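In what follows, a structure is listed as structure tokens, so that the remarks can point back to it.
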Amino acid sequence: MTNADPIVVGGGIGGLTVALALARRGIGVTVMEQRTVLTEPGAGIQLSPNASRILIDLGLASAVGRRAVEPEQLTVHAMGSARLLAAMPLGRAMRGRHGAPYWVILRSDLHTVLLDAARSTPNIRLRIGRQVVAMVEGPLGATVSVNGDRGQETVNTPLVIGADGLWSKVRSTIAPATPEFRGYIAWRATLPMADVPGEFRGKQSRLWLGRDTHVVHYPVAGGRELNVVAIVASKTPADGNAAAGDPAALKRRLRGGDRALRQLIDAVPQWLMWPLYDLPPLPRWSKGGAVLIGDAAHPVLPFLAQGGALAIEDAAILAQLIVPEPGRLAATASALAAFEEMRKARAARVQAEARRNGAIYHMRWPLALARNMAMKRLGAEGFLARYDWLYGWSPD
């Protein structure tokens with residue numbers, strides 16, 4: 001079977017964004033997703049201006065804005081004492097500095113927005129319950145073998161875009177690599193705002209730093225829920241993604257935390273756990289008629305909140321490079337090489353900075369004391385300037 005359109009493997013945030021970006025430039029796209037029910041696991045996701053500006057350019061501003069929250073600021077606290085260490089203005093300050101909002105949103109809400117947009121776009125074809133099991137270079141660019149409800153089929157396509165995440169099947173044919181557990185477990189939950197202690201109901205994000213542990217929380221679902229994430233050091237990974245966590249075990253881990261923070265943790269009835277992995281930079285992201293984006297190319301730890309943002313950035317740049325003018329697909333080797341050249345250094349920097357932030361967040365005394373003093377000296381303007389390289393990025 002011959003498919004004249006690019007095939008996107010994976011119907012998550014990165015896959016749907018690149019499909020929309022290509023479709024907006026006049027290219028038909030087929031998205032193949034192995035899940036039969038398209039739900040996005042996880043809790044909240046942060047969309048800093050480098051990502052939100054792309055979603056706005058795709059015409060999704062109102063749809064995302066209705067479901068997202070735009071926090072007024074981020075505050076950083078010592079976990080044991082609740083002492084304020086630093087504050088970074090968000091809201092109007094972030095819009096004024098970078099020309100786009102800093103949104104926080106449920107991952108499932110963002111996925112729903114992207115999925116609705118894809119379903120309403122005539123030149124995007126969604127094929128659900130289709131698993132790509134093999135790929136080789138073919139006469140048009142690549143040939144993929146796909147398992148579905150009618151058995152296996154073989155499809156020729158000018159381009160395969162691997163947006164199939166951390167355990168990417170497409171990556172295994174381009175640059176085989178096994179993700180590495182980085183010694184952290186993320187405990188994630190959402191809590192109805194009515195059940196949240198009063199002092200945490202404001203329109204802000206908070207980050208709490210402790211020994212081998214940190215907690216972050218922010219409002220989502222239009223302000224109706226609070227997303228709470230606790231990340232703890234661990235020598236062994238949890239058993240798969242979204243495993244149920246024992247609330248008592250997390251409470252014991254945070255027993256030295258501030259009273260108010262412990263009250264918030266006590267209010268959460270159920271936690272799901274994710275072991276955290278990433279990869280060293282890959283030697284290549286493309287081969288023949290296939291290219292990787294998002295976590296398939298550069299999985300990143302969550303300590304900069306940039307995993308989803310990088311996938312959205314990839315989507316915008318790849319679409320620009322392989323569709324140089326509306327309606328003309330030019331998925332050439334040189335275009336894919338240019339994509340790698342434009343993206344690899346930035347992705348590697350984000351990966352490295354995220355690992356570094358993880359070490360900083362979880363410092364023990366006396367290094368934690370030096371960290372806290374450095375944060376206090378930084379000030380709001382210093383905090384903003386520190387992330388200009390990240391949030392100020394634009395696909396232009």
Side-chain angles (χ1 to χ4, degrees), residues 5-70 100-130 160-166 168 170 190 220-222 225 227 291-297 299-300 305-320 322-323 395:
D5 300 334
I7 289 176
V8 177
V9 181
I13 289 170
L16 292 176
T17 303
V18 76
L20 288 166
L22 290 169
R24 298 290 193 266
R25 302 175 79 84
I27 300 299
V29 188
T30 298
V31 178
M32 293 194 177
E33 169 57 53
Q34 67 178 352
R35 294 172 292 178
T36 55
V37 178
L38 281 180
T39 57
E40 193 70 7
I45 184 172
Q46 301 185 48
L47 297 171
S48 46
N50 48 308
S52 67
R53 74 174 83 253
I54 295 169
L55 299 178
I56 291 168
D57 288 345
L58 289 174
L60 303 177
S62 61
V64 176
R66 284 194 300 269
R67 294 166 172 83
V69 175
E70 194 172 352
Y102 196 115
W103 281 323
V104 290
I105 187 171
L106 281 174
R107 183 176 289 270
S108 58
D109 281 350
L110 175 59
H111 189 253
T112 296
V113 168
L114 295 169
L115 189 58
D116 288 347
R119 283 173 169 157
S120 64
T121 301
N123 53 347
I124 296 179
R125 182 185 181 201
L126 294 171
R127 301 191 68 192
I128 309 304
R130 301 296 194 276
V160 173
I161 300 173
D164 47 343
L166 177 67
S168 169
V170 179
T190 54
V220 291
E225 298 179 14
N227 180 66
V291 64
L292 304 171
I293 68 169
D295 282 352
V300 58
Q306 288 296 304
L310 280 185
I312 292 168
E313 287 183 14
D314 286 348
I317 293 299
L318 182 63
Q320 287 183 6
I322 65 175
V323 189

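The figures here come from the full heavy-atom set of this structure, side chains too, leaving out hydrogens, waters and symmetry mates. Note that the numbering runs from 1 along the sequence shown for the chain. Quick caveat: nothing in here was measured; it's all calculated off a predicted structure.
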Run the side chain to side chain contact (heavy atoms under 4.5 Å, CB included) check on V220 and D109 step by step: do they pass? CA-CA 9 Å; V220 291; D109 281 350; over 6 Å; no
Atom pair [atom1] ([X]) and [atom2] ([Y]), whose distance is rounded to the nearest 0.5 Å:
X: N123; Y: L20; atom1: CG; atom2: CG; answer: 9.5 Å
X: L60; Y: L114; atom1: CG; atom2: CG; answer: 6.0 Å
X: E33; Y: L126; atom1: CD; atom2: CG; answer: 9.5 Å
X: I7; Y: T30; atom1: CD1; atom2: OG1; answer: 6.0 Å
X: L47; Y: I312; atom1: CG; atom2: CD1; answer: 5.5 Å

Non-hydrogen atoms of [X] and [Y] that approach each other most closely:
X: V300; Y: Q306; value: CG1-C, 4.2 Å
X: T190; Y: A43; value: CG2-CB, 4.1 Å
X: S168; Y: L292; value: OG-CD2, 4.1 Å
X: P101; Y: I56; value: CD-CD1, 3.6 Å
X: S52; Y: A100; value: OG-CB, 3.5 Å
X: A163; Y: V8; value: CB-CG1, 4.2 Å

Ignoring hydrogens and geometry, is there a side-chain-to-backbone donor-acceptor pair from [X] to [Y] under 3.5 Å?
X: R130; Y: I128; answer: yes
X: D164; Y: V170; answer: yes
X: D314; Y: I293; answer: no
X: R25; Y: V323; answer: yes
X: D295; Y: L166; answer: no

Are any of the side-chain heavy atoms of [X] and [Y] separated by less than 4.5 Å?
X: P49; Y: Y102; result: yes
X: E313; Y: P395; result: no
X: L106; Y: I45; result: no
X: R125; Y: V29; result: no
X: I105; Y: Q46; result: no
X: V160; Y: P6; result: no
X: L22; Y: I322; result: yes
X: I124; Y: V31; result: yes

Could you go through R67 and V113, starting from their C-alpha distance and side-chain angles, then the distance that decides it, and tell me whether this counts as side chain to side chain contact (heavy atoms under 4.5 Å, CB included)? CA-CA 9 Å; R67 294 166 172 83; V113 168; 3.6 Å; yes
